[in-house]
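First the structure, in the form of structure tokens, and then the observations on it.
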Amino acid sequence: MSRPQIRPDLRALSGYFSPQIDVEVRLNTNESPFPPPQGYDLAVADALKELRWNRYPDRAISALRSDLGRLHGVGSDQIFVANGSNEGLQALMLAFGGHGRSALTFEPTYALHAHISRITGTTVHQQSRDADFAIDQAAALDFIGAEQPDVVFLCSPNNPSGLPESPALIGAVIAAASGVVVVDEAYGQFAEFSAATLLEDDIPLVIARTFSKTWAMAAARLGYLIAPAWLVAELEKVILPYHVDTLSQVAGRIALRFDDEMQERVALLTAERDRISVGIAQLGSHVWPSQANFVLFRPAAGRGEAVWQSLVDQSVLVRNCSTWPGLAGCLRVTVGTAAENNRFLEALEISLADQGGVRE
Ligand SMILES: *Cc1c(COP(=O)(O)O)cnc(C)c1O
């Protein structure tokens with residue numbers, strides 16, 4: 001029997017993969033180290049009692065969209081809610097990408113941008129960042145002018161480097177591009193600047209945001225895009241009906257009531273981020289200055305892989321980027337609680353000492 005084959009352009013792909021190893025200190029996927037604020041779970045439990053399980057969700061997601069519109073100072077018709085921001089980007093690529101169309105990414109960056117583009121049949125152009133993970137603006141504008149990609153992906157702050165894009169670069173890309181410009185701001189709350197200030201009705205700019213990180217709700221799968229209303233209306237054509245369930249809609253609205261608590265956490269995690277950045281540098285590793293809730297670093301002498309394993313052996317899990325293109329020897333650590341961060345720094349010191357003793 002010959003098995004049916006998937007589309008030829010998908011055969012070489014492998015699915016998204018991040019090891020979920022059982023460890024004491026999990027600092028590998030940039031989640032919040034804290035559960036949602038006190039009072040959140042009770043409010044959700046109360047809402048659950050009222051939930052009408054036999055009825056389809058509000059298909060227009062009206063209440064949550066209007067809350068999010070108010071949060072960002074835009075109309076509710078400028079908000080597209082999805083099961084995680086990744087689903088929002090998939091809808092975007094279904095509508096604006098596809099066969100015969102192309103997307104542009106600046107590598108290394110969030111792997112899902114290229115992956116989702118390929119799944120939707122979109123040709124992917126990948127331009128390289130410089131050695132410090134900055135986009136060469138002149139080269140980027142030349143490429144955009146020559147190729148006119150249908151979608152340009154930016155990520156600010158960028159994952160995995162933690163570096164933000166400057167307002168000037170984002171503005172120049174918008175001016176040069178004839179297609180859609182996406183700015184993925186999954187870590188936007190930790191950064192000094194949001195591209196949301198550049199939104200205009202006649203600019204095809206899309207900002208991606210998520211509840212998975214700052215809002216401590218990775219379990220719920222909730223994210224959204226902010227864009228001109230006409231662009232949001234196009235996305236409604238490709239998304240499955242009732243895709244965001246009632247429980248997620250309610251959970252998202254309740255989270256937004258805790259904005260003050262979230263801001264406090266952002267301040268706390270930002271202070272911790274700066275503390276561990278100094279700590280990692282003091283242990284002799286190269287550290288990139290992050291504006292997100294994670295830090296990219298490179299242990300000396302290309303020992304990323306060995307250091308990663310040694311950290312795992314000490315029950316501390318960070319992201320092993322050491323074999324990713326353009327990231328040789330690099331590791332990425334999520335900012336955790338102060339106690340977790342101390343565990344990480346201690347484990348890193350031990351693993352570097354061990355490596356040094358064995359190898360040098
Ligand atoms: C974590 C992350 C996301 C989140 O995706 P969700 O589908 O909302 O969980 C999006 N973009 C980037 C760059 C991320 O790092």
Side-chain angles (χ1 to χ4, degrees), residues 15-20 26-33 36 61 64 68 79-94 103 105-117 119-120 126 129 133 135 151-165 170 181-191 194-196 206-227 235 239 243-245 248-249 251-252 255-256 262 266 269 273 288 290-296 318-319 321 324 327 330 332-336:
Y16 177 77
F17 179 74
S18 178
Q20 293 189 311
R26 227 165 82 172
L27 301 174
N28 67 327
T29 40
N30 301 343
E31 296 142 318
S32 172
I61 320 178
L64 177 56
L68 286 167
I79 304 284
F80 184 81
V81 179
N83 291 288
S85 56
N86 282 314
E87 192 194 39
L89 295 179
Q90 185 185 51
L92 182 81
M93 295 314 294
L94 285 170
T105 64
F106 297 95
E107 304 291 335
T109 190
Y110 186 52
L112 263 294
H113 295 157
H115 188 71
I116 293 169
S117 299
I119 291 170
T120 58
Q126 292 173 296
R129 291 165 187 265
F133 305 123
I135 294 175
V151 180
V152 179
F153 282 98
L154 299 172
C155 189
S156 184
N158 189 31
N159 181 1
S161 67
L163 304 173
E165 299 305 345
I170 297 172
V181 176
V182 178
V183 183
D184 188 333
E185 293 189 344
Y187 307 97
Q189 290 94 338
F190 297 97
S194 169
V206 175
I207 314 286
R209 291 270 178 144
T210 180
F211 281 80
S212 300
K213 312 287 162 56
T214 314
W215 291 101
M217 280 177 57
R221 306 307 300 124
L222 197 60
Y224 56 99
L225 308 179
I226 317 170
L235 303 183
I239 199 76
H243 65 296
V244 179
D245 64 73
S248 297
Q249 294 188 30
L256 297 181
M262 293 303 169
V266 167
L269 291 171
R273 172 193 74 204
W288 281 269
S290 171
Q291 278 196 24
N293 67 336
F294 55 84
V295 176
L296 185 75
V318 302
R319 197 70 193 266
C321 319
W324 300 0
L327 289 163
C330 291
R332 189 195 69 196
V333 60
T334 304
V335 180

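Note that ligands are numbered from 1 as they come in the structure, with each ligand's atoms numbered from 1 the same way.
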Problem set entry | The single option from N158, T210, N30 passing side-chain hydrogen bond (donor to acceptor under 3.5 Å, both in side chains) against Y187 |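 Going through N158, T210, N30 one by one, the side-chain hydrogen bond (donor to acceptor under 3.5 Å, both in side chains) with Y187 is satisfied by N30 alone.
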Exercise. Is a salt bridge present between E31 and R26, judged by a nitrogen-to-oxygen distance below 4.0 Å?
Worked result: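 Salt bridge present between E31 and R26.
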Exercise. Hey, which residues fall under 4.0 Å of ligand 1 on heavy atoms?
Worked result: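 Residues within 4.0 Å of ligand 1: G84, S85, N86, Y110, C155, N159, D184, A186, Y187, T210, S212, K213, R221.
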For this session: Evaluate the ring planes of W215 and F211, with Trp represented by its six-membered ring, and classify them as parallel (under 30°), tilted (30 to 60°) or perpendicular (over 60°).
Result: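 The arrangement is tilted - the two ring planes meet at 30° to 60°.
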Exercise. Does NZ or CZ of R209 come closer than 6.0 Å to the centre of the six-membered ring of Y224, within 45° of the ring's axis?
Worked result: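 No, R209 and Y224 do not form such a contact.
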For this session: Look at the side chain of R273 and the backbone N and O of A292, then say whether any donor-acceptor pair between them is shorter than 3.5 Å.
Result: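 Yes; judged by distance alone, with no hydrogens or angles, the pair exists.
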For this session: Apply side chain to side chain donor-acceptor pair (under 3.5 Å) to the pair E165 and S156, showing each step before the final yes or no.
Result: CA-CA 5 Å; E165 299 305 345; S156 184; over 6 Å; no
